[in-house]
Protein chains: 2
Amino acid sequence: MDNLDRGILDLLRQNARAGYGDIGSIVGLSASAVKRRVDRLVADKVIRGFTIQVDPSIDGMSTEAYVELFCRGTVAPDELLRILSGVPEVVDAGTVTGSADAIVHIRARDIPGLEAALEKVRLAPNVDHTRSAIVLTRLIHRSAE
Amino acid sequence: MDNLDRGILDLLRQNARAGYGDIGSIVGLSASAVKRRVDRLVADKVIRGFTIQVDPSIDGMSTEAYVELFCRGTVAPDELLRILSGVPEVVDAGTVTGSADAIVHIRARDIPGLEAALEKVRLAPNVDHTRSAIVLTRLIHRSAE
DNA sequence: GATGAAACCTAACCTTT
DNA sequence: AAAGGTTAGGTTTCATC
């Protein structure tokens, strides 16, 4: 993890489709060297994935909920991650302190979409029950990066 | 904007580097047809950009909490917005159904930073109390949040 | 939806430190 | 060894039909 890696990450944050050659000509490496570093960053889980930013209003994905996940016994974070990463409606999730085991932020097209996503989340192992708080008015949204 | 577009968006959300041919074989279109649709979605600003999800521990803002906000009496969403917009650590917030008035997602550099942000939220006149769930393991973070 | 040229990705091999 | 460069081949993209 050096300044070259950070430069590559910055460029990919701005455009995840940039070619290796284009990235290399900016950070000062050959295309191959950039590819090797990107592959390593993905293997090391520094880059968790490649995704798109979608306009929520145009897409109609405006129904949101914060869902507390209560599990039986111990929960392996890796197992939760495996299940949740397969649900595209899950925008954000983490295991937390307090009585709930995890909190999951879901965004769906409408209430039926929310319910369907919730069903998929409940497939996670050892889930006892969930408690949802549906978002009425979205107040703040600051982009993560 | 039809179900084909939505299917393409879902696939790109999971892997923005998926090839047009791969996407087409899933949604039932040729590679060319998929490219035309993706190009249109980008031109129409439905897709705002292609980006990567980076391990938050890299950028040094890795301490997070979900905070339930309980206010005295009835509080208008505008009032809550006024309170929360003065706290830059607030990444995401909305009024919700349930006993809490709002849920606030805070991201800070460390625990003292988190506490300082919470203090700023609590100083607001109508805030009665807060209940925080500190994030232990970040499972999902899609930057399209 | 299909076609063909151009661009790109990828892996193997070579050079340098 | 470790990290970057070069080259060749296969695949994908992209414009055109």
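Chain A is the first sequence line, chain B the second, and so forth, proteins listed ahead of strands; every chain is numbered from 1.
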Next on the checklist: Base contacts versus sugar-phosphate-only contacts with protein, heavy atoms under 4.0 Å: please encode nucleotides 11-17 of chain D as B, S and - from 5' to 3'.
Outcome noted: --SBBB-
Item to check | Thr51(A) side chain near Thr51(B) side chain, heavy-atom distance below 4.5 Å | outcome: yes
Checklist entry - Rounded to whole angstroms, how far apart are CG on Leu4(A) and P on dA2(D)? => result 18 Å
Using atom types as modelled, flag every donor-acceptor pair under 3.5 Å from a side chain in residues 75-83 of chain B to any protein atom, sequence neighbours excluded.
from: Glu79(B); atom 1: OE2; to: Arg82(B); atom 2: NH2; distance (Å): 3.1
from: Glu79(B); atom 1: OE2; to: Asn126(B); atom 2: ND2; distance (Å): 3.4

Item to check | Distance, rounded to the nearest Å, where Arg37(A) contributes CZ and dA2(D) contributes P | outcome: 15 Å
Next on the checklist: I need the Arg131(A) CZ to Leu69(A) CG distance, nearest 0.5 Å.
Outcome noted: 12.0 Å
Item to check | Nearest-0.5 Å distance that lies between atom CZ in Arg48(B) and atom CG in Leu41(B) | outcome: 13.5 Å
Item to check | Salt-bridge contact Asp39(B)-Arg36(B) (side-chain N to carboxylate O under 4.0 Å) | outcome: no
Next on the checklist: Using whole Å, what does the distance between atom C1' of nucleotide dT10(C) and atom CD1 of Ile23(A) come to?
Outcome noted: 15 Å
